[in-house]
Structure formats: structure tokens, C-alpha cells
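I have placed the structure first, in the form of C-alpha cells, so that the comments after it can refer back to it.
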Amino acid sequence: MATSKPSIPKGTRDFGPVQSAKRSYIIDTIRKSFIKYGFSQIETPAMEQLSVLTGKYGDEGDQLLFKILNSGDYLKKTSEQDYQAGSGALLPKIAEKGLRYDLTVPFARFVVQNQNDITFPFKRFQIQPVWRADRPQKGRYREFYQCDADIVGSDSLWNEAELTLMLHEVYANLQYDGFVLKINHRELLMEMARFIGLAGKEMPFCVTIDKLDKIGEEKVNEELIALGADETKLQDVVGLFHSTASASDKVDAFEKLIGKNRGTEEVQQYFEFLSAHSSTPLKVELDLSLARGLSYYTGIIFEVKATDVKIGSITGGGRYDNLTGVFGLKGISGVGISFGLDRIYDVLEEKGLFPDHLTKSVDLLIAHLDEDCFKHGLSLLQKLRSSGIQVEIYPDQAKLKKQFNYADKKAIPHVLVIGTEEIEKQQYGVKNMVSGEQASYTIEQLIQLLS
RNA sequence: GUGGUUGUAGCUCAGCUGGUUAGAGCGCCUGAUUGUGGUUCAGGAGGUCGUCGGUUCGAACCCGAUCUUCCACCCCA
């Protein structure tokens with residue numbers, strides 16, 4: 001067989017020992033908070049039936065789905081006419097499965113299938129990779145992890161508030177405070193669109209104002225007027241976007257201009273919950289121009305942005321009514337958030353926020369001078385391990401220089417050297433690799449030292 | 001999916017309008033130190049210049065295709 005240079009698919013990555021340790025640190029931190037707040041873990045398959053996935057993410061989303069070619073003779077069910085009819089007609093005959101695009105839709109499927117075993121409200125978390133056939137960029141990959149926490153079967157706005165508190169705890173534990181949590185409400189967006197005369201064109205309105213910080217106010221105004229917006233009313237709405245007032249004042253201003261509705265009431269209630277329950281200051285901001293994930297969110301929407309790293313949003317979420325409706329289970333409302341592990345990684349890396357101890361492997365390396373010393377080392381190894389000390393022995397006969405070098409590269413803080421003299425005296429030279437100091441210990445003293 | 005961009009040693013990058021034998025720093029290996037890493041010194045290994053094809057007397061350099069990287073659009077974690 002001809003040799004070829006190995007490679008991995010576009011937008012995917014290998015993770016070495018250091019990267020994996022850092023990723024585990026983030027995952028463990030997030031999971032700790034998920035569990036503390038009462039969420040239970042589930043896992044679902046990497047692949048789903050294509051019928052479960054398609055149509056849930058809009059036309060754009062369907063294009064970004066990875067499809068899995070049927071096994072065996074995948075052309076068996078096709079005919080010449082299917083081929084002539086194009087890829088859209090051919091696809092369902094050659095592919096029945098696809099890789100999951102997010103964790104929310106598989107979760108909805110899970111809830112419907114297991115509805116009799118689930119106690120509602122159901123709080124689940126899920127930390128698994130998802131796949132999108134997007135064109136990769138920095139912070140945008142074709143395989144990436146989502147860390148989702150959702151509460152389904154409860155309409156209470158306390159859930160939104162609790163997710164907000166949990167999110168703050170996660171970032172506090174990661175020692176990152178350069179973020180801001182922006183929230184908005186689907187209903188407020190709809191009302192604003194109707195107010196400026198864009199009834200029936202709510203979606204284009206949202207897509208446009210979402211680009212506010214990207215293309216600027218002037219262009220946004222131009223586009224909205226082109227859509228048919230009333231210019232003077234548009235100015236009033238733009239005034240709301242500009243407001244630096246407190247969330248509650250912003251809602252008041254909104255109600256004065258456009259009127260009360262479900263959105264204003266829910267946002268007001270959400271902020272009341274927060275102020276009643278938080279001792280530390282929260283980084284929550286009502287941003288009336290925030291418009292995201294509108295293909296399924298129906299209430300409050302969330303987005304966490306890194307303010308000091310150019311990477312886009314690092315956490316997103318919102319309230320969706322009738323999540324499970326498409327799978328035949330009505331009346332189940334939910335709210336959830338999704339942490340973007342890979343982007344959080346990039347942020348922590350850029351800000352130098354990973355703790356140093358992540359790369360440390362064991363506390364002690366046993367080095368030895370010859371075969372007999374190695375064998376003696378094995379007995380020490382066992383004693384030390386049974387005392388709970390993290391220790392390894394250099395497996396080959398090698399110069400001490402090489403063994404010390406190994407300890408240095410692996411950032412092992414202590415090296416114990418065994419020679420014939422040490423075996424006789426039952427006293428071992430132990431070098432502290434950080435200070436460079438060396439002293440002699442019995443095995444019991446050493447256990448004391450390292451415990 | 002549309003338009004652009006990148007690829008040279010393990011890593012970060014030089015390499016003139018196409019010209020002989022493609023370089024540097026760091027890292028790696030060996031020795032100075034036959035019982036001691038991280039510092040210092042001396043030596044050494046390592047490249048079909050992303051891949052395939054074309055133009056040319058001659059290609060890392062020009063052209064085409066393809067893969068990859070990054071960027072903008074779209075969308076999103």
C-alpha cells in the first residue's frame with residue numbers, strides 16, 4: 001500500500017495532553033455548577049435519523065447538516081429519475097442518518113421518547129460534540145462541544161433567573177469577568193417591528209438590527225427604511241437601542257412608546273427575580289437590538305459575549321415554547337443555555353486564565369542506576385502509591401541525565417534517586433526540581449513530605 | 001454555499017525580477033559532566049518548499065487543479 005501523509009478533516013482538531021487537560025478543566029467547572037443547580041446528565045447518539053434533524057434549523061441549517069451515507073450498496077434504492085431530479089430528491093434515498101447539529105433537538109426527541117419516565121420539570125444537562133458543515137474560521141469549527149443545561153415542563157421565569165445566576169457562577173469559577181450577558185425578548189422584537197410599520201416583516205427586521213454593531217446604525221436604518229419602516233417611528237425605536245438606562249427604565253420607556261405586552265412583563269419579572277436573589281453584582285444588560293436563534297426561541301433570549309476577545313458569543317440560549325411539538329408532544333415549554341466549550345477555551349487561552357497546576361502529572365519520579373535499583377524502586381513505588389501519592393518510575397535503564405530530563409519536561413516536582421548506597425541505608429536522595437535542593441529521606445519521611 | 005487569503009525543518013518565520021548546494025532562531029539528539037534536569041559551551045541530525053499537473057534550458061518563486069489555514073458574506077457556540 002502506498003504511504004500517504006495522514007491528515008484530519010477540515011475544521012476538526014486533535015487535542016494533545018496539555019489541551020485535553022485544559023478542556024477537562026473547563027468541562028469539570030461547568031459540570032460542577034450544573035450538578036449544584038440540580039441538573040442531571042444525559043447523553044444521546046452522535047447520529048440521529050435525518051428525519052429528526054431536518055427542518056428544525058431552517059433552510060440554512062439543513063445545508064449545514066452532515067449526512068451519513070447509507071451502509072452497503074447505497075445506490076440500491078435509487079433510480080435514474082432520482083438522479084435527474086437532483087440532490088434534494090436523491091438525498092433521502094441514499095442517506096437516512098445525520099450527525100447532530102446541536103443538543104437541543106436531540107434532547108427534545110429524548111423527552112418525547114421517554115416522557116413516561118421523566119419527572120417534570122425536567123432539568124437535564126448534556127456535554128457532547130456537535131457537527132456543522134460550516135466554513136471554518138477562528139472560533140468556528142466543524143466539530144465542537146456544546147455544554148447545555150435546559151429546564152423543560154415549567155413556565156416559571158425563575159428558571160431564566162436561575163440560569164443567569166448559574167452562568168455567572170461558571171464564569172466566576174473560571175476566573176473570567178470580561179463578559180457581558182445580553183438579554184432580550186422575542187415579543188419585544190416583534191412589537192418593535194410592528195410599531196415601525198413592518199408587520200409581517202418581523203424576521204427581516206430582526207436579521208437587520210442584529211447587524212447593528214457590525215455594519216453601523218446608518219446602514220441598518222437604510223435597510224429598514226428600504227423594508228418599508230416609518231422613519232420617525234424608527235427614530236424613536238433607535239432611541240431605545242441607544243439608552244444606557246437601567247433595564248427597568250428601558251422597559252418603562254418601551255411601554256410608554258409602544259405599550260405593555262407579554263414581553264415587557266416577563267422582562268420586568270425576570271429582573272425582579274434577579275435583584276431579589278443576587279448578592280453579587282450581575283453583568284446582565286437588556287439589549288433591545290439583540291436578535292438571535294429566532295427560528296425556535298419564543299420568549300427571553302440570552303447571549304454572552306466576550307468583551308475583550310474577538311470571538312463572537314461564548315454562550316447562548318433562551319425560552320422556547322412547544323419544543324417537543326414537532327415530535328407530537330404538546331404543551332412542553334423549556335428554557336436553556338449552551339456554553340461553547342471551544343470558544344471559552346480560546347478566550348481563557350488568550351487571557352492566560354488557565355491555572356498552572358493543570359499540566360502537572362505526578363508528584364514524584366523514581367530514578368534508578370541499574371537493574372537492581374530499578375527492582376528496589378518497584379517496591380518503593382507500591383508503598384508510595386498505597387499511601388495515595390502520585391508517583392511513577394522511569395521504565396528503562398538510562399542515564400540519570402535522561403531520567404531527570406524526563407521529569408523536567410513533564411514538570412514532575414520531585415525526583416528520587418536509587419543507587420546501591422541508598423538501598424543499603426534505606427535513605428533516598430530526593431531532589432526538589434523547582435528549588436534545586438536535595439535532601440535524604442527514609443520512605444516514611446518521604447510519605448509525610450508528599451502527603 | 002459565494003468572494004478572497006495562507007502553506008518552506010518538530011515550532012515561529014527569512015528566502016531579491018525564476019538561476020547552481022534552500023537559511024535563521026527556538027526545539028531535538030550527542031558530548032563537556034561514566035550518580036543529577038532547568039543555565040553555559042562544542043558538535044550533530046532533520047526539508048521531494050502542502051499535493052498533483054503545466055510553462056521553462058532551469059521553478060520554493062510563474063500558471064491550473066486540489067487539500068488546508070485564516071478573513072468577509074450568510075449563519076452561529
Side-chain angles (χ1 to χ4, degrees), chain A residues 2-13 16 26 30 57-65 87 101-104 127-148 179 203 206-208 210-211 214-215 291-297 301-306 309-318 336-347 365 367-370 373 394 397-423 428-438:
Chain A
T3 57
S4 62
K5 274 191 184 172
S7 63
I8 55 174
K10 186 200 295 229
T12 65
R13 294 138 317 142
I26 299 173
I30 292 173
Y57 310 105
D59 297 339
E60 303 270 353
D62 285 355
Q63 286 214 315
L64 298 180
L65 285 175
S87 49
Y101 177 92
D102 69 2
L103 300 178
T104 306
I127 299 174
Q128 289 189 280
V130 303
W131 294 268
R132 295 181 189 179
D134 209 350
R135 202 174 277 206
Q137 289 180 27
K138 191 175 190 68
R140 175 179 292 203
Y141 309 99
R142 287 186 144 184
E143 177 183 62
F144 61 97
Y145 267 67
Q146 290 191 330
C147 310
D148 275 30
F179 71 92
M203 282 307 168
C206 290
V207 170
T208 305
D210 195 41
K211 292 189 280 192
K214 208 164 212 172
I215 62 175
R292 65 177 309 285
L294 294 162
S295 51
Y296 48 90
Y297 291 132
I301 54 182
F302 301 105
E303 176 162 282
V304 176
K305 282 187 172 165
V309 178
K310 197 190 164 202
I311 199 151
S313 77
I314 52 178
T315 296
I337 52 171
S338 177
F339 290 85
L341 168 64
D342 303 83
R343 287 189 179 175
I344 292 171
Y345 181 102
D346 289 346
V347 169
L365 175 75
H368 43 86
L369 290 167
D370 58 33
C373 298
Y394 196 85
Q397 296 302 319
K399 289 182 181 173
L400 275 186
K401 181 184 171 77
K402 193 163 187 183
Q403 301 186 54
F404 269 84
N405 203 26
Y406 174 81
D408 191 46
K409 288 287 147 63
K410 282 191 76 176
I412 298 171
H414 301 92
V415 178
L416 178 151
V417 179
I418 303 174
T420 37
E421 202 174 309
E422 278 84 353
I423 297 178
Y428 310 95
V430 175
K431 182 163 183 176
N432 181 318
M433 296 295 280
V434 181
S435 67
E437 282 163 19
Q438 187 160 337

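Just so we're on the same page: letters track the sequence lines, and every chain starts at 1. Computation of the quantities below employed the complete heavy-atom set of this structure, encompassing side-chain atoms and omitting hydrogens, waters and symmetry-equivalent molecules.
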What distance, rounded to whole Å, do you find between the two [atom1] atoms, one in [N] and one in [M]?
N     : M     : atom1 : result
B/G27 : B/G64 : C1'   : 38 Å
B/G58 : B/G19 : P     : 15 Å
B/U48 : B/U56 : P     : 28 Å
B/C61 : B/C49 : C1'   : 10 Å
B/G54 : B/A14 : C1'   : 28 Å
B/C57 : B/C62 : C1'   : 16 Å
B/G10 : B/G50 : P     : 13 Å
B/G37 : B/G18 : C1'   : 49 Å

Rounding to an integer number of Å, can you tell me how far [X] [atom1] sits from [N] [atom2]?
X      : N     : atom1 : atom2 : value
A/D62  : B/G1  : CG    : P     : 15 Å
A/E143 : B/C76 : CD    : C1'   : 17 Å
A/L65  : B/G1  : CG    : P     : 14 Å
A/I337 : B/C76 : CD1   : P     : 18 Å
A/I215 : B/C75 : CD1   : P     : 11 Å
A/F144 : B/C75 : CZ    : P     : 16 Å
A/Y101 : B/C76 : OH    : C1'   : 6 Å
A/D134 : B/C70 : CG    : P     : 13 Å

Point to revise | Sugar-phosphate only, base, or nothing, as touched by A/K211 at under 4.0 Å among non-hydrogen atoms | key: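 Result for A/K211 = sugar-phosphate.
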
Check your understanding: Looking across every strand, which nucleic acid part, if any, lies under 4.0 Å from A/Q146 by heavy atom: base, sugar-phosphate, or nothing?
Key ->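 Sugar-phosphate contact only - A/Q146 comes under 4.0 Å of backbone atoms but never of a base.
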
Which residues pass the ring-ring contact (aromatic ring centres under 6.0 Å, His included) test with [X], sequence neighbours left out?
X      : answer
A/Y57  : A/Y101
A/F179 : A/H168, A/Y171
A/Y141 : none

Review point. Side chain of A/R343, backbone of A/G139: donor and acceptor closer than 3.5 Å?
Key: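 Flag set: sc A/R343 to bb A/G139 pair under 3.5 Å.
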
Might you point out which heavy atoms bring [X] and [Y] nearest each other, and give the distance in Å?
X      : Y      : answer
A/P136 : A/G11  : CG-CA, 3.8 Å
A/H368 : A/Q403 : O-NE2, 2.8 Å
A/I314 : A/I311 : CG2-CG2, 4.0 Å
A/D342 : A/R13  : OD2-NH2, 2.6 Å
A/C147 : A/L341 : SG-CB, 4.1 Å

**Study point:** Comparing A/F339 and A/Q63 on RNA chain B - which has the more 5′ nearest nucleotide
**Key:**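 The residue closer to the strand's 5' end, by nearest nucleotide, is A/Q63.
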
State which residues pass salt bridge (charged side-chain N to carboxylate O under 4.0 Å, His left out) with [X]; sequence neighbours excluded, sorted by chain then number.
X      : value
A/K305 : A/D213, A/E303
A/E143 : none
A/R135 : none
A/D134 : A/R140

Practice item. Would you kindly check whether a donor in the side chain of A/R132 faces an acceptor in the base of B/C75, or vice versa, at under 3.5 angstrom? Key: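 Side chain to base: no pair below 3.5 Å.
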
Review point. Taking atom types as modelled and ignoring hydrogens, do the side chains of A/K410 and A/Y406 form a donor-acceptor contact shorter than 3.5 angstrom?
Key: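 Yes, a side-chain donor-acceptor pair sits under 3.5 Å.
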
Pairs: protein N or O with nucleotides 3-12 of chain B N or O, under 3.5 Å:
from : atom 1 : to     : atom 2 : distance (Å)
B/G3 : O6     : A/R135 : NH1    : 3.0

Exercise for review: Anything below 3.5 Å on both distances counts as a pair; with that, list the stems of at least three consecutive Watson-Crick or G-U pairs involving RNA chain B.
Suggested key: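 Runs of three or more consecutive pairs: B:1-4 with B:70-73, B:10-13 with B:23-26, B:28-32 with B:40-44, B:50-54 with B:62-66.
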
Which protein N or O atoms sit under 3.5 Å from an N or O of nucleotides 65-69 of chain B?
from  : atom 1 : to    : atom 2 : distance (Å)
B/U68 : OP1    : A/K10 : N      : 3.3
B/U68 : OP2    : A/K10 : NZ     : 3.3
B/U69 : OP1    : A/G11 : N      : 3.2

N/O donor-acceptor pairs under 3.5 Å from side chains in residues 411-421 of chain A, not counting sequence neighbours:
from   : atom 1 : to     : atom 2 : distance (Å)
A/H414 : ND1    : A/D363 : O      : 3.2
A/E421 : OE2    : A/K425 : NZ     : 3.4

Revision key, fill the gap. Counting primed atoms, P, OP1 and OP2 as sugar-phosphate and everything else as base, the B/S/- map of nucleotides 32-47 of chain B against protein heavy atoms under 4.0 Å is ---BBBB---------

